[in-house]
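To keep things clear, I will list the structure first and then write my remarks on it.
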Amino acid sequence: YAGKITPIKNVHVLVDAARILKNLWGRKFVVDIVGPPTDPAYDRKLRAYISEENLSDVVSMHGRASYSEMPAYYHRADAVVNMCPTGGMDKTVLEGLASRTLAVVANEAFRELFGEYADELIYTYQNPEELAEKIKSLFSKSDDELALMRGFLHERMKAHSSLETRIPLIVEGIQSV
């Protein structure tokens, strides 16, 4: 996860999914949470839960990272997980896709962008059990299948979000005013 540590970002859902995976999945994994805490009480609650549930071996809270540090996090990750409700497309998901990192999200706004993989990559908002299952299912795929997904999503993201695509839409919007 990359972003602010605040209740609206639902980081607790990811931490709870990590708890579920740790207890039920026989695979080694790490959850990196990168971002500044903006709600001290929420941050304390998350850290206490991580400690109480013995998750410190799988969940790491890294704090704020500079923009120049973020590509390394994306390249090291197998997937970006975003727990925000449906609304605008979160830039961290797009940054992850640009880095050829898979994404699992709760935000239905990504359905069109994810295309044929949408049902595999979008989970029900506020549902850590389903998030855990999506992650488990995703990484049960072969390396070749994952590479195809990464390539497909990267190309879709470029077609959807590149400057070459967006500038004509912005110009058209301005001209219609």
Tell me, please, which residues at least two apart from [X] pass salt bridge (Lys or Arg N to Asp or Glu O under 4.0 Å).
X      : value
Glu155 : Lys158
Lys141 : Glu120
Lys136 : none
Arg19  : Asp16

Inset, instruction - Please indicate whether Glu112 has more than 12 foreign heavy atoms, meaning atoms of other residues, nucleotides or ligands, lying under 6.0 Å from its CD. - result: no

Inset, instruction - Output all residues satisfying side chain to side chain donor-acceptor pair (under 3.5 Å) with Asn107, sequence neighbours left out; order by chain, then residue number. - result: none

Legend entry - Arg156: partners by side chain to side chain donor-acceptor pair (under 3.5 Å), with sequence neighbours left out: none

Are [X] and [Y] connected in the hydrophobic side-chain network, where two residues link if heavy atoms are under 4.5 Å apart?
X     : Y      : value
Leu94 : Met70  : no
Val34 : Tyr42  : no
Val30 : Leu146 : no
Val15 : Ile8   : no

Output a table of donor-acceptor pairs, distance under 3.5 Å, between side-chain atoms of residues 72-80 and any protein atom two or more places apart or on a different chain; print 'none' if there are none.
from	atom 1	to	atom 2	distance (Å)
Tyr74	OH	Glu95	OE1	2.6

Legend entry - side-chain hydrogen bond (donor to acceptor under 3.5 Å, both in side chains) contacts touching residues 97-106 (sequence neighbours left out): none

Legend entry - Result of checking Leu102, Ile20, Leu21, Val31 against Ile135 for side-chain contact (heavy atoms from CB on, under 4.5 Å): Leu21

Grab the two heavy atoms, one from [X] and one from [Y], that are nearest each other, plus how far apart they are.
X      : Y      : result
Pro128 : Ala17  : O-CB, 3.6 Å
Gly87  : Ala109 : O-CB, 3.0 Å
Leu138 : Met149 : CD1-CE, 3.6 Å

For [X], which residues count as a side-chain contact (heavy atoms from CB on, under 4.5 Å) partner, sequence neighbours excluded?
X     : answer
Lys9  : Tyr1, Thr6, Val11, Cys84, Asp90
Ser68 : Ser66
Asn10 : His12, Val13, Met83, Pro85, Tyr125, Gln126

Please examine the side chains of [Y] and [X], heavy atoms only from C-beta on, and report whether any two atoms are closer than 4.5 Å.
X      : Y      : value
Phe139 : Trp25  : yes
Glu130 : Lys134 : yes
Phe110 : Asn82  : no

Show which side-chain atoms of residues 50-65 pair as donor or acceptor with protein atoms under 3.5 Å away, not counting sequence neighbours.
from	atom 1	to	atom 2	distance (Å)
Asp57	OD1	Lys22	NZ	2.8
Asp57	OD2	Lys22	NZ	3.4
His62	NE2	Asp32	OD1	2.6

Legend entry - Spacing of NZ belonging to Lys45 relative to CG belonging to Asp39, to within rounding of 0.5 Å: 10.0 Å

Legend entry - Leu97 side, atom CG; Phe114 side, atom CZ - distance, nearest 0.5 Å: 5.5 Å

